[in-house]
2 protein chains.
Amino acid sequence: MREQATSGEHALRTRDRILSIAARLFSERGYEHTPISKVAREAGVSKALVLWHFDSKEKLFRAALGRTLEPYFIDVEELEGLDEVAQIERLVDLFYEFVRDNVYSVRFLLTLMVRGERNPAEISERVRDLYRVFRSLLADVIESGRQRGTLRPDVNPPLDAGLILASLDGVLIEQFMNHERDPSELLAYLKQTFVQRLIA
Amino acid sequence: MREQATSGEHALRTRDRILSIAARLFSERGYEHTPISKVAREAGVSKALVLWHFDSKEKLFRAALGRTLEPYFIDVEELEGLDEVAQIERLVDLFYEFVRDNVYSVRFLLTLMVRGERNPAEISERVRDLYRVFRSLLADVIESGRQRGTLRPDVNPPLDAGLILASLDGVLIEQFMNHERDPSELLAYLKQTFVQRLIA
DNA sequence: GTCTATATACAGATAGAC
DNA sequence: GTCTATCTGTATATAGAC
């Protein structure tokens, strides 16, 4: 990161445009199939400028990943005022909506994690964190339902949460493998099945 | 594919060695990170010879994928003589054992399918086929259990099979994302949960 | 069949002018 | 900041001797 001397604003916009385009291209085509020259061409600048801003392709990649991860969070406030069953159903829907709205980057990060290649420790940690947050959120809801008696007394919050999350991941990758199939039926069945299992 | 003129046997062995090594390297490191030079070095031959045998890297890749897929099948005979619940549990175990014994290529194919990149139609069709076979095998077992009264009368064979398979896939990718965690606990819970749900 | 030597292309990165 | 021109490495692939 250099100084932004005189015409700083314009430079920021250029830098930003490069970053957006890089994030999109890396997501769509992966690191190996995204030469700097293509990023530069689509941004309407020279290769040299891209490298002037980001020093190396590796650093550009990391910066782009940061941007890709920006919209990744869970809005807990959505759950307020719902009973446990409705909260679980809402969490399942939130998961699916999130994936639907971020197909490219989810696909991209999934590939990164699965292949275990070129994922800086920070990135995999971040993804694992999100995973853990979602899982323990689910587990907390289940535990709360157990204590309040809206769910069965013999539920196992961490394992039930893990199983629900695993099913969601499975629906997700089946979706990536098999584009034509509509997942909503399976998703509805998933909710119904797990809710039935968890209630008394 | 050329003629094997005089010293045909030796050539076959060399060609075969190249193919095995290529299959392993592609699985472990992916297409982009496996230069022909590395295949050649590990096989103890020259780059030129690798290309003489397979014409291009692309064709070498396809030949290697064929070999990678060879051990992919389901041994249905394993299920004979078991009741439906035991068959379901056995199928779950078979899935996991298969993945454990073929980590590299499963990881590799999963990446290919998820990214949707460089997968010749034949390959993705083959993988989808295996998926469908496993799913309809599960569905058939569930349907048979429904008819024989060992499972609940209101099970939904295709959807229940889909859900079990999705859970398995989810456990699988969680495993790929999170190497240190032992999946056997979650897997046992998965079996227990679905069996409980399916029996009368 | 198998080699060495080479052609060709394209990637990431640098130098230096403006 | 941004460009053009160039360096350097490495990849696939070919030519031709043995």
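Note that this is a predicted model, so its numbers are computed, not measured. A, B, ... follow the sequence lines: proteins, then strands. Residue 1 opens every chain. Computation of the quantities below employed the complete heavy-atom set of this structure, encompassing side-chain atoms and omitting hydrogens, waters and symmetry-equivalent molecules.
- Each of B/T14 and A/I36 lies near DNA chain C, and the nucleotide nearest B/T14 is the one positioned closer to the 5' end.
- Within 6.0 Å of CD on A/E77 lie no more than 12 heavy atoms contributed by other residues, nucleotides or ligands.
- In this entry the distance linking CZ of A/F54 with P of D/dG1 reads 13 Å, nearest Å.
- Aromatic rings from B/F108 and B/F26 are positioned such that their centres are separated by 6.0 Å or more.
- Note on B/L79: it clusters hydrophobically with B/I199, by side-chain heavy-atom contacts below 4.5 Å among ILVMFWY residues.
- Between B/R13 atom CZ and C/dG1 atom C1' there is a gap of 13 Å when expressed in whole angstrom units.
- Here C/dA11 is the nucleotide among D/dT2, C/dA11, D/dA11 with the atom lying nearest to any side-chain atom of A/P35.
- In this model, a donor atom of one side chain and an acceptor atom of the other lie less than 3.5 Å apart for A/Y131 and A/D169.
- Distance A/L51 CG to D/dG1 P: 17 Å, rounded to the nearest Å.
- Closest to the A/W52 side chain, of the nucleotides C/dG12, D/dT14, D/dT2, is D/dT2.
- Residue B/K47 contributes atom NZ, which lies 11 Å from atom P of C/dT4 at whole-angstrom precision.
- When the C1' atom of C/dC3 is taken as reference, atom CZ of B/R41 falls 17 Å away, rounded to whole Å.
- One interatomic measurement links the two molecules: CD1 of B/I18 to C1' of C/dG1, which rounds to 10 Å at whole-angstrom precision.
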Does the salt bridge (Lys or Arg N to Asp or Glu O under 4.0 Å) test come out yes or no for B/E80 and B/R90, once each step is laid out? CA-CA 11 Å; B/E80 277 172 20; B/R90 189 78 197 100; over 6 Å; no

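- The side chain of A/K57 lies closest to C/dG12, out of C/dG12, D/dA13, D/dA11.
- Here D/dC3 is the nucleotide among D/dC3, D/dA13, C/dT4 with the atom lying nearest to any side-chain atom of A/A48.
- The CG-C1' distance, from B/L60 to D/dA11, rounds to 14 Å in whole Å.
- Out of D/dC3, C/dG1, C/dA13, the shortest distance to the side chain of A/S56 is found at C/dA13.
- Atom OH of A/Y31 and atom P of C/dA11 are 13 Å apart (whole Å).
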